[in-house]
Amino acid sequence: MRLSVIGCGYLGAVHAAAMASIGHEVVGIDVDPAKIEALSKGEAPFFEPGLQEILIEGISSGRLSFTTDVSAAAGAAVHFIGVGTPQEAGGYAADLTYVNAAIDALLPHLSDGDVVAGKSTVPVGTAAELAPRVTAAGATLVWNPEFLREGWAVQDTIDPDRLVAGVPAGAEGERATEILREVYHPAVAKGTPFIVTDYATAELVKVSANAFLATKISFINAMAEIAEVTGADVTQLADAIGHDARIGRRFLGAGIGFGGGCLPKDIRAFAARAEELGRGESVSFLREVDAINLRRRDRAVQLVIDALGGSVVDKNVTVLGAAFKPFSDDVRDSPALDVAVRLYGLGAKVVVTDPQAIENARRVHPQLDYITDRDEAIRDADAIVLVTEWDEYRRELAPELASALTSGRVVVDGRNGLDAAAWRAAGWSYYGMGRP
Ligand code: UGA
């Protein structure tokens, strides 16, 4: 099928390349010429495992192209909207400027029977508001939320755990559903659940999924706070409750909390939308989820201060990680980078290392020192602070090696990823999150 993808950020670029890799003819469209130039050369504008390969494969097969010219969308049967919906400046709600601009730009190029598939995360009610404009152009609007995780984006797009389509009622919706099934043919053929709903449900599925994940993380971090005043160990607690299949162990990783371009802004936008709908109280707990999450950064900083005898002024502190999570170079709302910046603000001599995110981190926080080589970064550190659980730090950094690089013996584990016993046995003072 011929497809267009409007917006070539994390979501759109991966979607375009993934759709080409399953056999479609795809044009990716973005207003940013630099992004389009890179993508056209088969270069991923961000670090995402497997993306580079399918970009190159798609471009050399002739099935995948990129352009800044929105008229290239003409002739495609399905047009995906994958632009960003950031937190609005000065508020918590989602900023829909880019979604509106994408629809406006696309309208003149639509033909009768085209499907416009919104993938961006939007406040509930957005699709119903946009639909009349799309219908007037002879096309059908569907909302087809995306659940990909950074770091696993290619796999999540080609082989998702479910597909959701919010469609209009009646024959128009049925036809659009059939077209979407054809788009996602490999997943549909293997029996991936394909849930057809109305617009509002599809929009809510997305935001409620992210709200649930954020709540699960803040729940375990709240337990970490209680563990900290009782001497309990939150990692054992998570293991124990996680064995209950109704609870499950995933997303019960206590630490410095969630960040990134999705969870933080999505829970805020959801709370703001609920207020607008007169149902603020229904999700008022999301404010608490946010507050718990942000407190964990304070906690990590306080652990470093306490471990270094009450002050970090002029202390050499090595921060392992800048990305908001491993397998990503994304530093948007990164708790890792925030911890580094706070320590710097308190007077520490901070060195930050990360296998992928240094360039992005330096762009937003040029005041910090960055060293790519992990061992160089650790040399002479008074304290090591693990904030992104890359394998390089979590699995592959032996305490004996760290001991050879520095005489400092303080390690603060902001992700509870290290083997506490091994570090203690090697003579280090180990501090975890919610652990004795
Ligand atoms: C999240 C959702 O997981 C995706 O399903 C969704 O499609 C995406 O947002 C989106 O809306 O686009 P992502 O932002 O890539 O995906 O990251 P997650 O894997 O959800 O991790 C979010 C944050 O939570 C990270 O900072 C991670 O370190 C933290 N986290 C995760 C914890 O602190 N503890 C855990 O146990 C798990």
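Treat the numbers as computed from the prediction; the structure is a model and nothing was measured. Each ligand, and each atom within it, is numbered from 1 in the order the structure gives.
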Restricting to heavy atoms, the pick from Trp152, Tyr10, Phe147 nearest atom 5 (O) of ligand 1 would be Phe147
Should the pair [X]-[Y] be classified as a salt bridge under the 4.0 Å nitrogen-to-oxygen rule?
X: Arg133; Y: Asp104; result: yes
X: Glu228; Y: Arg295; result: no
X: Asp333; Y: Arg297; result: yes
X: Arg342; Y: Asp298; result: yes
X: Asp159; Y: Lys190; result: yes
X: Arg362; Y: Glu359; result: no
X: Glu389; Y: Arg394; result: no
X: Glu150; Y: Arg332; result: yes

message: Could you tell me if the side chain of Val410 sits less than 4.5 Å from the side chain of Ile384, heavy atoms only?
response: no
Would you say [X] and ligand 1 have an N/O pair spaced under 3.5 Å apart?
X: Arg415; result: yes
X: Pro335; result: no
X: Phe324; result: yes

Which protein heavy atom lies closest to [atom], and at what distance to 0.1 Å?
atom: atom 15 (O) of ligand 1; value: Glu150 N, 2.7 Å
atom: atom 9 (O) of ligand 1; value: Cys262 CB, 3.3 Å
atom: atom 23 (C) of ligand 1; value: Phe258 CB, 3.4 Å
atom: atom 21 (O) of ligand 1; value: Lys325 CD, 4.0 Å
atom: atom 22 (C) of ligand 1; value: Leu263 CD2, 3.7 Å
atom: atom 7 (O) of ligand 1; value: Leu148 O, 2.7 Å
atom: atom 34 (N) of ligand 1; value: Gly253 O, 3.0 Å
atom: atom 20 (O) of ligand 1; value: Phe251 CZ, 3.4 Å

* Has Arg162 got its NZ or CZ under 6.0 Å from the middle of the six-membered ring of Phe147, at an angle within 45 degrees of the ring axis? -> yes
Item checked: Heavy atom of Gly257, distance to ligand 1 below 4.0 Å -> yes
Within 4.0 Å of some non-hydrogen atom of Glu146, the atoms of ligand 1 are 7 (O)
Ligand 1 atoms nearer than 4.0 angstrom to some heavy atom of Leu252 are 36 (O)
Report task. Would you sort out whether Val364 and Val331 count as a side-chain contact (heavy atoms from CB on, under 4.5 Å), showing the intermediate values? Result -> CA-CA 9 Å; Val364 272; Val331 299; 4.0 Å; yes
Can you tell which part of [X] has a heavy atom less than 4.0 Å from ligand 1: side chain, backbone, both or neither?
X: Asp266; answer: side chain
X: Arg250; answer: neither
X: Lys206; answer: side chain
X: Ile220; answer: neither

To the nearest 0.5 Å, atom CG of Leu51 lies from atom CD of Glu43 at 11.5 Å
